[in-house]
**Student:** 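Below you will find the structure I want to go over with you.
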Amino acid sequence: MSNFKTTRRVAVGLVAAAAATFTLQAQAAGHGLDLTGKTVEWIIPFSETGGSAKWANFYAPLLSEALPGQPTVVVKFMPGAGSTKGANYFQEQTFEDGTVIFGSSGSTQFPFLLGDPRVKYNYADWNVVLASGTGGVAYLPPALAAKMDGMNAAPLQGEDFIYGNQGATRLDLVPTLAWEMLGLNVESVMGIKGRGDGRLMFERGEANIDYQTSSSYLSGVTPLVEAGTAVPMMSWGALDDDGNIIRDPTFPDMPTFKEVCEATDGCETSGEKWDAWKAFFIAGFPAQKMVFLPAGASEDAKVTYTAAFEAVKARADFAEISGKRLGKYPQMTGAAAKKALDSGTNVTPEAKAFVVNWLQEKYGVSLN
């Protein structure tokens, strides 16, 4: 794509965003939601150490400034059962005054997609007001990373790996399926409460392979890379306008899993296993984190929260501060957020069937 076309697309997008912001703020001003003196509780169904925590803690003070009445926004962590505990709790909430919101992640979406029996929540009941794309990076200790032959992971196929896993049906299935496709022998230690806990296992030497979503990688793993105790292996990549996997814009110098797979004997980027991996990557990362109001939310609340997130995105410094904390990914509201929700909560029957069978064979997890 030419620079002119790219620049023109960005310019058109900025004009549209500015117009949407003005319209939404005008609509919000005409409604009655006032949060003066109130506290907004933002439920995050993970521990305080992972990517969702980084994401919510980034947005919370900005959202507080943008909401009418500038309420205090408090992030409440509710880990358990791979995030289904917190999501089930939110499902039971009914809208009252706009002071309860929920932050979902791919690890909340996957159990819903796969029919996990612990899931008592339904995304169709909730009201999305923000969707954040993200990426992910897998990394290794230096001694193991040095054994790779460029992008070829075949020299690692004789090694034994330990990985801290949130659960078989969680977002962790994207890395574990990828590593299996590369022929790596990775044993999962199940039941960690967040990806930050997996990073801590890596730091303590209890795990020798790990992955983090972009926000957690930027803040938690980059210092390890700089200190020489971790080496990036690959990113999962990003999607272009035609749905092709390309390099992650936040990590353009890292090869994608697709590139590593193509360079590794026995790993195929076609067929049902690849199609299933890509389907769940798309469901889990381009719309990886979302903010919801509970069932029954008023139009006042939906318009007000949408306008607030639009105002945050319209800040002159937003690209700079979000790029450093979250990475370079779309932050979507309105129709774009609803479209992202749809892509994040739907996969093809074929992809679902493959993963359900794979989970049974690999972990003995039955979802049928």
Side-chain angles (χ1 to χ4, degrees), residues 51 105-107 109-110 113-114 134-140 144-145 147-190 195 198-199 202 207-214 216-217 221 230-239 243-248 251 254-286 288 347 351-352 354-359 361-363 365:
S105 171
S107 283
Q109 290 148 221
F110 281 15
L113 284 169
L114 293 167
T134 192
V137 176
Y139 56 98
L140 299 165
L144 288 172
K147 294 187 176 185
M148 286 188 66
D149 179 13
M151 290 188 288
N152 180 7
L156 297 175
Q157 291 171 352
E159 302 291 334
D160 292 324
F161 292 94
I162 301 293
Y163 172 63
N165 194 319
Q166 295 178 97
T169 63
R170 309 300 180 251
L171 193 61
D172 297 64
L173 74 82
V174 170
T176 52
L177 181 55
W179 292 324
E180 179 177 292
M181 292 168 68
L182 292 172
L184 305 189
N185 179 30
V186 179
E187 179 182 348
S188 287
V189 175
M190 292 293 190
R195 285 272 22 102
R199 189 197 73 243
F202 182 92
N208 58 355
I209 194 167
D210 192 42
Y211 112 90
Q212 297 290 322
T213 55
S214 298
S216 191
Y217 182 87
V221 183
V231 177
M233 178 187 187
M234 58 189 174
S235 78
W236 305 136
L239 293 178
N244 301 307
I245 291 179
I246 58 173
R247 290 206 171 185
D248 189 313
F251 310 106
M254 286 185 200
T256 64
F257 165 56
K258 184 174 186 288
E259 292 174 276
V260 172
C261 184
E262 289 171 338
T264 303
D265 287 343
C267 190
E268 301 290 339
T269 55
S270 62
E272 63 175 2
K273 191 176 245 188
W274 169 260
D275 291 343
W277 181 87
K278 186 177 178 182
F280 276 83
F281 160 72
I282 292 171
F285 286 88
Q288 211 253 354
V347 292
K352 178 180 176 180
F354 177 90
V355 169
V356 166
N357 290 334
W358 177 74
L359 292 171
E361 294 174 1
K362 188 174 182 69
Y363 300 111
V365 173

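Computation of the quantities below employed the complete heavy-atom set of this structure, encompassing side-chain atoms and omitting hydrogens, waters and symmetry-equivalent molecules. All of these numbers come straight from a predicted model, not from anything done at the bench.
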**Student:** Begin with the C-alpha distance, continue with both residues' side-chain angles, and end with the deciding distance and a verdict on side-chain contact (heavy atoms from CB on, under 4.5 Å) for L182 and M233.
**Tutor:** CA-CA 12 Å; L182 292 172; M233 178 187 187; 3.9 Å; yes
**Student:** Roughly how far, to the nearest 0.5 Å, is NZ of K362 from CG of L173?
**Tutor:**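 Spacing of CG (L173) from NZ (K362) equals 11.0 Å.
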**Student:** Working to the nearest 0.5 Å, report the span between CZ of R199 and OG of S216.
**Tutor:**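 Taking CZ in R199 and OG in S216, the distance rounds to 5.5 Å.
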**Student:** Is a donor from one side chain sitting under 3.5 angstrom from an acceptor on the other, for D248 and S235?
**Tutor:**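 Side-chain D/A pair, D248 to S235: absent.
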**Student:** At their closest point, which heavy atom of A230 faces which heavy atom of Y139, and how far apart are they?
**Tutor:**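 Answer, listing the atom of A230 first, then Y139: CB-CD1, 3.9 Å.
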**Student:** What ring pair (Phe, Tyr, Trp, His ring centres under 6.0 Å) pairs are there with at least one residue in residues 152-171, not counting sequence neighbours?
**Tutor:**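 Applying ring pair (Phe, Tyr, Trp, His ring centres under 6.0 Å) to every pair that reaches into residues 152-171, excluding sequence neighbours, yields Y163-W179.
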**Student:** Using a 4.5 Å cut-off on heavy atoms from C-beta on, say whether the side chain of V231 contacts that of M148.
**Tutor:**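 In short, these two side chains do not touch, never coming nearer than 4.5 Å.
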**Student:** Strictly by salt bridge (Lys or Arg N to Asp or Glu O under 4.0 Å), give each pair with a member in residues 265-286 just once, sequence neighbours left out.
**Tutor:**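 Output for this query lists E180-K273.
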**Student:** Applying the ring-ring contact (aromatic ring centres under 6.0 Å, His included) test to Y217, which of F202, F251, Y211, W236 qualifies?
**Tutor:**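 The option that passes is F251.
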**Student:** For T176, enumerate each residue passing the side chain to side chain donor-acceptor pair (under 3.5 Å) test, keeping only those at least two apart in sequence or located in another chain.
**Tutor:**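 Not a single residue meets the side chain to side chain donor-acceptor pair (under 3.5 Å) criterion with T176.
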**Student:** Quick check on side chain to side chain donor-acceptor pair (under 3.5 Å): which of D210, N165, T213 does R195 satisfy it with?
**Tutor:**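 Of D210, N165, T213, side chain to side chain donor-acceptor pair (under 3.5 Å) with R195 is met by D210 alone.
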**Student:** Which atom names give the shortest non-hydrogen contact between A153 and T264, and what distance separates them?
**Tutor:**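 The answer is N-OG1, 2.9 Å.
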**Student:** Output yes when a side-chain donor or acceptor of E361 lies under 3.5 Å from a complementary backbone atom of W358, and no otherwise.
**Tutor:**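 Side chain of E361 to backbone of W358, a donor-acceptor pair under 3.5 Å: no, none is there.
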**Student:** Starting at CG of D160, measure out to CD of E187 and round the result to the nearest 0.5 Å.
**Tutor:**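 Reported value, rounded in 0.5 Å steps: 8.5 Å.
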**Student:** Looking at CE of M151 and CE of M234, how far apart are the two atoms once the value is rounded to the nearest 0.5 Å?
**Tutor:**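 Rounded to the nearest 0.5 Å, the CE-CE separation comes to 12.0 Å.
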**Student:** When rounded to the nearest 0.5 angstrom, what distance separates CD1 in I245 from CG in L239?
**Tutor:**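 Interatomic distance, I245 CD1 to L239 CG, rounded to 0.5 Å: 6.5 Å.
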**Student:** Is it the case that the side chain of E262 and the backbone of T269 share a donor-acceptor pair, with hydrogens and angles ignored and the cut-off at 3.5 Å?
**Tutor:**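 No; zero donor-acceptor contacts below 3.5 Å.
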**Student:** Is there a side-chain contact (heavy atoms from CB on, under 4.5 Å) between V355 and V347? Walk through the geometry before answering.
**Tutor:** CA-CA 11 Å; V355 169; V347 292; over 6 Å; no
**Student:** Looking at OG1 of T256 and CD1 of I246, how far apart are the two atoms once the value is rounded to the nearest 0.5 Å?
**Tutor:**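 Result: 9.5 Å between the selected atoms.
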**Student:** Using ring centroids (six-membered ring only for Trp), state whether F257 and F281 fall under 6.0 Å.
**Tutor:**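 Aromatic pair excluded; centres sit 6.0 Å or further apart.
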**Student:** List the steps and the verdict of side-chain contact (heavy atoms from CB on, under 4.5 Å) for F280 and L114.
**Tutor:** CA-CA 11 Å; F280 276 83; L114 293 167; 3.7 Å; yes
**Student:** Which atom names give the shortest non-hydrogen contact between G164 and A207, and what distance separates them?
**Tutor:**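 Smallest heavy-atom distance, with atoms named: N-CB, 4.4 Å.
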**Student:** Grab the two heavy atoms, one from D172 and one from G167, that are nearest each other, plus how far apart they are.
**Tutor:**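 Between these two residues, the closest heavy atoms are CB-O, 4.2 Å.
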**Student:** State whether the side chain of S214 and the backbone N or O of G135 hold a donor-acceptor pair below 3.5 Å, judged by distance alone.
**Tutor:**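 Checked: pair present.
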**Student:** So do the side chains of L144 and E159 get within less than 4.5 Å of each other, counting heavy atoms only?
**Tutor:**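 The answer is yes; the side chains approach within 4.5 Å.
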**Student:** Work out which heavy atom in W277 is nearest to a heavy atom in A178; give both atom names and the distance.
**Tutor:**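 Result for this residue pair: NE1-CB, 3.6 Å.
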**Student:** Heavy-atom distance under 4.5 Å between the side chains of W274 and C267, does that happen here?
**Tutor:**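 No, their side chains stay 4.5 Å or more apart.
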**Student:** For P232 versus V137, what's the shortest heavy-atom pair and its separation?
**Tutor:**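 So the two residues come closest at CB-CG1, 4.2 Å.
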